[in-house]
There are 2 protein chains.
Amino acid sequence: MDLSERQLQILQAIITDYVENAEPVGSRSIAKKYDLGVSPATIRNEMSDLEEMGYLTHPHTSAGRVPSDKAYRLYVNELMKKKNLSAKDKRMINDRLSASRDEFDRTIRHAAELLSEITHLASFAMTPATNEETISFIKLLPVDERTLILMIVSEGGQVTNTTLRLTVPYTQEALDLLSKNMTVSYKGRTLDDVLRSEIIHDVGSDIEALSALKGSVMPSFLRTLEDMLNVNLYMEGMTNIFNLPEYTSIDRARDFMELFARKDWFTQKMLARDNGVVVTIGEENDTMKDCTLITATYHVDGKLVGKIGVIGPTRMKYDEITSIMEYLTNNLSESFRLPGSTGDGNAGDKKQKK
Amino acid sequence: MDLSERQLQILQAIITDYVENAEPVGSRSIAKKYDLGVSPATIRNEMSDLEEMGYLTHPHTSAGRVPSDKAYRLYVNELMKKKNLSAKDKRMINDRLSASRDEFDRTIRHAAELLSEITHLASFAMTPATNEETISFIKLLPVDERTLILMIVSEGGQVTNTTLRLTVPYTQEALDLLSKNMTVSYKGRTLDDVLRSEIIHDVGSDIEALSALKGSVMPSFLRTLEDMLNVNLYMEGMTNIFNLPEYTSIDRARDFMELFARKDWFTQKMLARDNGVVVTIGEENDTMKDCTLITATYHVDGKLVGKIGVIGPTRMKYDEITSIMEYLTNNLSESFRLPGSTGDGNAGDKKQKK
DNA sequence: ATTAGCACTCTCGTTTAACGAGTGCTAACA
DNA sequence: TGTTAGCACTCGTTAAACGAGAGTGCTAAT
């Protein structure tokens with residue numbers, strides 16, 4: 001059942017060639033380009049066996065062979081070697097990400113841009129889910145007699161705010177009191193927890209003015225919490241795929257683009273994936289059965305986990321792309337490490353960058 | 001030089017037919033469908049004249065006629081009549097926009113979604129430029145000993161904030177003092193003004209601790225101001241265009257999608273357009289020479305101006321779409337009117353909705 | 001000024017044929 | 001027994017040829 005050494009060599013050669021040229025590869029061209037010391041006829045026999053085992057397919061009788069999802073899977077798991085990034089790519093990543101280290105969302109977006117530029121594929125990046133973040137304080141700030149700002153700050157420094165307009169004026173005292181009450185009630189609890197337990201009643205409605213204000217503020221409070229939970233998703237390089245031969249058909253291209261119009265759905269899918277570099281090939285995806293999806297995770301303060309990813313046809317340079325993504329996520333995690341908490345994390349990075 | 005009544009009728013018929021069917025229209029079908037009381041031969045002669053005047057073109061000798069940009073321009077300026085929206089569309093707009101009146105960005109995004117659903121074209125919506133907004137106050141809030149939140153609030157209730165991590169700890173006093181100083185320095189000035197005049201020095205650096213903190217905060221302050229100036233752009237329904245016959249060619253589709261990948265550029269273009277319902281057809285656009293762009297403006301508090309727009313091929317239902325956009329922007333402007341400031345604005349709305 | 005008639009043009013879909021790439025099989029060979 | 005050369009066969013791709021259909025442009029009649 002296992003593949004012979006020669007079969008592996010041939011399979012590798014076919015994959016390499018097909019990834020490069022996007023055309024079914026024949027026995028003769030394999031024999032010529034990669035000298036395996038055997039004739040086309042022998043290769044043909046091996047190919048036939050490989051096909052029977054499900055590693056190759058045949059568009060039609062008289063065409064060359066094309067690697068199947070199973071072949072790519074074998075390649076990713078066993079055959080491929082880690083690639084060293086080109087000096088140019090390394091420089092690009094270092095330069096472009098260091099430009100805005102202190103600004104979180106911007107950096108994430110840059111990472112997505114970078115990734116699509118280097119890989120020439122469609123890419124995305126998303127900010128970490130903050131379900132486990134805990135609330136630090138809640139502030140209500142006055143704008144004018146009917147307008148106020150509701151602001152929620154988490155222990156980790158995440159901020160979200162909403163501007164609301166009330167139908168009736170409020171007093172500064174009520175505002176301060178409500179801020180304080182809410183902070184006391186919610187401080188230290190996780191966003192998820194607060195949002196799920198709909199305990200709106202215990203914010204203390206002893207004073208009448210407060211009760212009215214509370215009634216107006218609470219719905220917005222919940223919505224703002226939801227906003228805070230929402231991860232931001234940045235997509236880049238969608239149009240890159242138009243340059244690939246697998247998307248010259250308008251239907252394929254349409255299907256591809258439509259995937260990304262459903263941002264919420266896409267976000268959910270991506271959040272559900274495991275951490276680390278994860279590759280799912282073709283049929284392994286429940287939707288997008290002719291795509292490969294590669295995701296990788298980065299850390300913020302060593303805890304929160306965000307994701308970046310690349311989407312393309314199953315025919316892609318798995319070795320290069322996974323290496324790039326590993327380098328990139330290590331770089332990101334390092335950027336987002338708290339100044340204080342240096343240590344073992346860095347050592348790990350070093351090793352992987354090699 | 002002016003067109004005869006009959007020529008106008010024929011032109012109108014051709015446009016109507018072509019917009020509907022997307023195929024060059026011949027003299028015979030015009031004569032049959034729209035009874036103008038003349039024979040195909042007569043229509044042929046008129047068509048020939050219209051072509052000479054630049055209103056029609058000829059894909060090739062033996063094909064029907066196609067309206068030129070000039071024809072559409074004439075149609076938009078003179079021929080088309082305002083359309084009444086269907087009850088269904090009206091209901092849709094009213095329902096969907098009223099769902100979230102108090103949340104600004106969300107409403108804008110919904111408007112874009114709505115627009116693309118109703119028109120079956122690509123659409124966008126952007127929040128108003130806030131160049132003229134004035135600063136109300138600046139607040140620095142502590143998160144932990146090295147992390148703080150910088151928050152800028154405008155008189156109109158716009159909020160933007162950035163979380164920053166300092167390399168050295170700060171004191172609460174320094175924070176409060178700097179907040180106050182900055183507010184005093186900048187309150188009442190427009191964002192644009194503050195950003196352009198790089199007067200960073202006059203924020204009072206008398207105390208030493210303050211001076212250090214200020215040095216860390218100011219760069220972020222400027223960047224945050226820039227963020228505040230940036231309008232948000234929401235695009236929706238990009239993939240709708242794949243269903244149109246003019247975009248069955250992959251190259252066309254690619255060009256179209258690429259326009260929208262350049263968000264910054266696109267935003268600039270759109271900001272430069274006049275207020276009200278503006279239609280630019282084909283060659284009238286400097287880029288996108290085979291597209292028509294229709295934009296309309298809505299108001300916030302009767303002052304700030306935001307834009308929504310629709311992009312499609314020059315072949316589109318100008319009458320319907322402009323009417324929809326007028327209705328939609330009136331609805332938006334009404335939603336975003338300050339509760340206090342009712343009055344003449346509403347009367348105007350009523351008239352236009354009719 | 002309008003219209004009928006007709007030749008002419010051009011596109012589009014279909015058919016046919018030739019070509020080439022590549023396989024699969026058989027038989028010869030080490 | 002594994003490897004190889006040779007060859008027939010398959011199938012997709014391309015180009016050319018052809019007919020049908022749609023629509024114009026022109027001319028001559030009304």
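Every heavy atom of this structure was used, including side-chain atoms; hydrogens, water molecules and symmetry mates were not. Each chain gets a letter, A, B and so on, in the order the sequences are listed, and its residues count up from 1.
Lys263(B) contributes no side-chain N or O that, together with a main-chain N or O of Phe260(B), makes up a donor-acceptor pair within less than 3.5 Å. The backbone N or O of Lys83(A) sits less than 3.5 Å from a side-chain atom of Ser323(A), completing a donor-acceptor pair. Side chain of Gln7(A) to backbone of Ser4(A): a donor-acceptor contact under 3.5 angstrom is found. Side-chain N or O atoms of Asn285(A) include one that pairs as donor or acceptor with a backbone N or O of Cys291(A) at under 3.5 Å. Judged purely by atom type and a 3.5 angstrom limit, Thr297(B) uses its side chain to pair as donor or acceptor with the backbone of Gly276(B).
The distance from atom CD1 of Ile14(B) to atom P of dG23(D) is 12 Å, rounded to the nearest whole Å. Regarding His58(A), its NE2 atom lies at a distance of 11 Å from the P atom of dG22(C), rounded to whole Å. What separates CE of Met47(B) from C1' of dG25(D) is a distance of 13 Å, to the nearest Å. Leu50(B) places its CG atom 12 Å from the P atom of dG25(D), with the value rounded to the nearest Å. Ile43(B) has its CD1 atom 14 Å from the C1' atom of dA4(C), to the nearest Å. For Asp49(A) and dC25(C), the CG to P distance is 12 Å, given to the nearest whole Å. Atom CZ of Arg6(B) is separated from atom C1' of dT3(C) by 12 Å (rounded to the nearest Å). Taking atom CG of Asn45(B) as the reference point, atom P of dA1(C) lies 11 Å away to the nearest angstrom.
Of the candidate nucleotides dT23(C), dG24(C), dC10(C), dG24(C) has the atom nearest to the side chain of Ser48(A). Distances from the side chain of Ala41(B) to the nucleotides dA5(D), dT3(C), dG24(C) place dT3(C) closest. Residue His60(B) has its side chain nearest to dC10(C) when only dT4(D), dC10(C), dT3(C) are considered. For Arg65(B), the side-chain atoms get nearest to dG25(D) when compared with the rest of dT2(C), dG12(D), dG25(D).
Nearer to the 5' terminus of DNA chain C, by closest-nucleotide assignment, is the contact made by Gly37(B) (compared with the other of Pro59(B) and Gly37(B)).
In this model, no side-chain donor or acceptor of Thr61(B) finds a partner on the base of dC10(C) within 3.5 Å. Donor-acceptor pairing under 3.5 Å, judged by distance alone, is present between the side chain of Arg44(B) and the base of dG5(C). Side chain Ser62(A) to base dT10(D): a donor-acceptor pair is found below 3.5 Å.
Side-chain contact annotation: Thr42(A) with Arg6(A), donor-acceptor N/O pair under 3.5 Å absent.
Contacts between residues 16-36 of chain B and DNA chain C, counted as heavy-atom distances below 4.0 Å, involve no residue at all.
Note: Tyr318(B) and Tyr72(B) meet the aromatic proximity criterion, with ring centroids under 6.0 Å apart.
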